S.K.: 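A single structure is presented below for examination.
Quick note: residue numbers are just sequence positions, from 1. Small disclaimer: the values here were computed from a predicted structure and weren't measured. Heavy-atom basis, side chains included; hydrogens, waters and symmetry copies ignored.
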Amino acid sequence: MSFELIHAWSARGLDGDGPGFVSVVRTAGLPRPIERLAVACSGHRLPEDDRGTIAMRRFERADGVWTILTATRPLASTDPTAPGTTRRISHHLVLDELDLERIDLGETVSSWRPQREYDGAPEVRDAPPTLPAADERPTTAASNWHRATGDSGWAGEAILRIRELGGEPLVVLLEGTADTATLAADLLRLLPPEERARLTFADRLRRCDEGLRLVLLDERSLALAEKPMPGGVALLDLRRGRTSPTTPEGAESDAARAGGATISITRARREVPLGSIEIEKVQPSGIWTEPIEVRLEPEVSDRGRWMVVLAAAAIVLALALFAFSLAFEDPTGATP
């Protein structure tokens, strides 16, 4: 079942708390531990960041797997008790694992219209939010990536790199102002279901965000980054004149341009060049924490085996003759 939560500055919250940042709107039945997770995702850098943000995070817990789509935006303060000169509102869409099977997640992300203002009494909503149902429509080409970068094939390149990184975040730098929700929605539509449910993203690079698979930064968001940029395949710089090669290639990029089907899992990483050594990560056991390399000696030829046998026979014969001579030697040392 899906839920909504709005966390904002208010004189009075749903639970009798306030004034302050409190829960002001909640879908009935939202589990309190999950509400606390959503509240922890409600932060905003006031007043440095004057734009709205969006992120989708995944939490795997003993009570289930939960996906939380969060939109946060600053608001001009009209409350003299509010801190500083600004306040903020955070709207959360909470999805359980079954929701992800029933809904069109790409369409949900791109079409969701979070609440931008709150000025009223606390509210408990009985009905869950209405979300677009999953269907079997063919996947469309990544048109939002084409508008943002000039080539929808970069969506396929992003998917390839996300797969290569195996859980580490991919940071994509974009020219101008990015519409993060629509770019993420394109990737969600292209991914097969088993990967779609695990794609998490944000449009800010924060120290407190762990477990994200994708961070989309435009130029203004880049200036607010709280961590240094990664290197290698973990950074995809799509600002003009900064990307080489200028045209992405490969099956994933071709599929993103063509549309019509999801991008199958054809490879988890780029092929390792012949002759190179790939280092495998070994989980420390407490006894031995380094990988062990085993080398097999070259196979001994048949000729080599006979040489070893003849040498051994010669040694045995020499020892026998030596023992025989000792048997006939006079103990006094005299010659018989």
Side-chain angles (χ1 to χ4, degrees), residues 41 51-60 65-72 93 95 100 105-110 112 139 142-149 151-222 224-239 243 248 250 252-253 255-256 262-263 265 267-270:
C41 299
R51 295 190 300 163
T53 69
I54 189 166
M56 189 163 71
R57 303 173 177 91
R58 178 182 171 91
F59 299 92
E60 298 184 4
V65 180
W66 300 86
T67 298
I68 303 180
L69 180 61
T70 300
T72 301
L93 182 62
L95 309 170
L100 299 185
L105 190 55
E107 185 64 23
T108 297
V109 170
S110 64
W112 184 47
T139 301
S143 57
N144 295 296
W145 283 77
H146 185 272
R147 282 191 290 270
T149 68
D151 187 346
S152 55
W154 287 117
E157 176 68 17
I159 287 175
L160 174 59
R161 294 193 183 203
I162 289 170
R163 289 171 173 172
E164 289 176 342
L165 290 167
E168 295 299 317
L170 169 67
V171 177
V172 180
L173 304 182
L174 298 155
E175 191 85 22
T177 301
D179 186 346
T180 303
T182 59
L183 294 172
D186 275 358
L187 299 189
L188 289 166
R189 295 185 183 103
L190 289 167
L191 286 169
E194 58 269 32
E195 289 185 284
R196 185 181 306 143
R198 295 183 175 275
L199 180 65
T200 54
F201 67 88
D203 60 358
R204 299 291 190 276
L205 186 60
R206 297 187 173 101
R207 286 188 296 269
C208 60
D209 262 335
E210 299 295 335
L212 291 176
R213 305 293 301 277
L214 175 67
V215 180
L216 295 159
L217 300 178
D218 61 21
E219 292 173 323
R220 292 179 64 188
S221 300
L222 176 60
L224 296 169
E226 298 176 1
K227 296 191 292 187
M229 293 297 107
V233 296
L235 179 65
L236 180 58
D237 193 342
L238 298 181
R239 294 174 293 175
T243 302
E252 292 83 358
S253 294
T262 58
I263 297 178
I265 306 175
R267 47 182 171 168
R269 68 190 89 178
R270 299 184 202 274

S.K.: If the condition is side chain to side chain contact (heavy atoms under 4.5 Å, CB included), which residues does Arg196 pass it with, not counting sequence neighbours?
M.R.: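 Arg196 satisfies side chain to side chain contact (heavy atoms under 4.5 Å, CB included) with Leu105, Leu188, Leu191, Pro193, Thr262 only.
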
S.K.: Contact between Leu217 and Val171 at the side-chain level, heavy atoms closer than 4.5 Å - yes or no?
M.R.: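 Yes, at least one pair of side-chain atoms sits under 4.5 Å.
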
S.K.: Return the CD to CD distance between Glu157 and Glu164, rounded to the nearest 0.5 Å.
M.R.: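 Reported to 0.5 Å precision, the distance equals 7.0 Å.
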
S.K.: Ignoring hydrogens, what is the shortest heavy-atom contact between Ser110 and Ala185? Give both atom names and the distance.
M.R.: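 Minimum heavy-atom separation between Ser110 and Ala185: CB-CB, 3.7 Å.
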
S.K.: Can you list everything that forms a side chain to side chain donor-acceptor pair (under 3.5 Å) with Thr70? Sequence neighbours excluded, please.
M.R.: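 Here the qualifying residues are His92.
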
S.K.: Applying side chain to side chain contact (heavy atoms under 4.5 Å, CB included), name anything that partners Leu224, two or more places apart in sequence or on another chain.
M.R.: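 Listed in chain order: Arg45, Asp49, Arg204.
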
S.K.: Restricting to non-hydrogen atoms, name the atom on Leu170 and the atom on Val233 that form the minimum distance, rounded to 0.1 Å.
M.R.: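 Taking every non-hydrogen atom into account, CD1-O, 3.4 Å.
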
S.K.: Could you work out, with side chain to side chain donor-acceptor pair (under 3.5 Å) as the rule, every residue matching Glu60, not counting sequence neighbours?
M.R.: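 For Glu60 the side chain to side chain donor-acceptor pair (under 3.5 Å) partners, ignoring immediate neighbours, are Arg58, Arg198.
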
S.K.: Would you find a donor on one side and an acceptor on the other, under 3.5 Å apart, between the side chain of Thr200 and the backbone of Arg213?
M.R.: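 Side chain of Thr200 to backbone of Arg213, a donor-acceptor pair under 3.5 Å: yes, one is there.
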
S.K.: How long is the span from the CD atom in Glu175 to the CG atom in Asp237, to the nearest 0.5 Å?
M.R.: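 Glu175 CD to Asp237 CG: 9.0 Å, rounded to 0.5 Å.
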
S.K.: Out of curiosity, Met56 CE to Thr180 OG1, how far, rounded to the nearest 0.5 Å?
M.R.: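 Those atoms lie 12.5 Å apart.
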
S.K.: What residues, two or more places apart in sequence or in another chain, satisfy ring-ring contact (aromatic ring centres under 6.0 Å, His included) together with Trp66?
M.R.: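 Scan of Trp66 (ring-ring contact (aromatic ring centres under 6.0 Å, His included), adjacent residues dropped) gives none.
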
S.K.: Please give me the minimum heavy-atom distance between Gly153 and Ala256, naming the atom from each residue.
M.R.: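 The pair with the smallest heavy-atom distance is CA-CB, 4.4 Å.
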
S.K.: At their closest point, which heavy atom of Leu187 faces which heavy atom of Ala155, and how far apart are they?
M.R.: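 Scanning both residues, the minimum pair turns out to be CD2-O, 3.5 Å.
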
S.K.: Once rounded to the nearest 0.5 Å, what's the spacing between atom CG of Leu173 and atom CG of Leu222?
M.R.: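 It comes to 5.5 Å.
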
S.K.: Asp203 side chain to Ile54 main-chain N or O, any donor-acceptor pair under 3.5 Å?
M.R.: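 Checking the backbone N and O of Ile54 against the side chain of Asp203, a donor-acceptor pair under 3.5 Å is found.
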
S.K.: Excluding sequence neighbours, so at least two apart, what forms side chain to side chain contact (heavy atoms under 4.5 Å, CB included) with Asp218?
M.R.: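 Side chain to side chain contact (heavy atoms under 4.5 Å, CB included) check on Asp218 returns Arg51, Thr177, Ala178, Arg220, Ser221.
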
S.K.: In Å and rounded to the nearest 0.5 Å, what is the CZ to CG distance from Arg147 to Asp179?
M.R.: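 Result: 8.5 Å between the selected atoms.
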
S.K.: With sequence neighbours left out, write down each residue that passes side chain to side chain donor-acceptor pair (under 3.5 Å) with Arg57, or none if nothing qualifies.
M.R.: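 Listed in chain order: Asp209.
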
S.K.: Does any non-hydrogen side-chain atom of Leu183 lie less than 4.5 Å from one of Phe201?
M.R.: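 Answer no - side chains too far apart.
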
S.K.: Closest heavy-atom contact between Ala202 and Ala55?
M.R.: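 In terms of heavy atoms, the two residues are closest at CB-CB, 3.8 Å.
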
S.K.: As a quick check of understanding, evaluate side chain to side chain contact (heavy atoms under 4.5 Å, CB included) for Val215 and Lys227, giving each step before the final call.
M.R.: CA-CA 12 Å; Val215 180; Lys227 296 191 292 187; over 6 Å; no

S.K.: Applying side chain to side chain contact (heavy atoms under 4.5 Å, CB included), can you list everything that pairs with Asp186, at least two apart in sequence or on another chain?
M.R.: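 With neighbours one apart ignored, the set is Ala142, Asn144, Trp145, Arg189.
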
S.K.: To the closest 0.5 Å, what do you measure between CZ (Arg239) and CG (Leu174)?
M.R.: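 Arg239 CZ to Leu174 CG: 9.5 Å, rounded to 0.5 Å.
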
S.K.: For residues Leu216 and Ala184, report the shortest heavy-atom separation together with the two atoms involved.
M.R.: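 What the structure gives for the nearest pair is CD1-N, 4.3 Å.
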
S.K.: Please determine whether side chain to side chain contact (heavy atoms under 4.5 Å, CB included) holds for the pair Val172 and Trp154, giving the CA-CA distance in whole Å, both sets of side-chain angles, and the decisive distance to 0.1 Å.
M.R.: CA-CA 10 Å; Val172 180; Trp154 287 117; over 6 Å; no

S.K.: Check side chain to side chain donor-acceptor pair (under 3.5 Å) between Glu219 and all other residues, then give those that pass, not counting sequence neighbours.
M.R.: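 By the side chain to side chain donor-acceptor pair (under 3.5 Å) rule, Glu219 matches no residue at all.
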
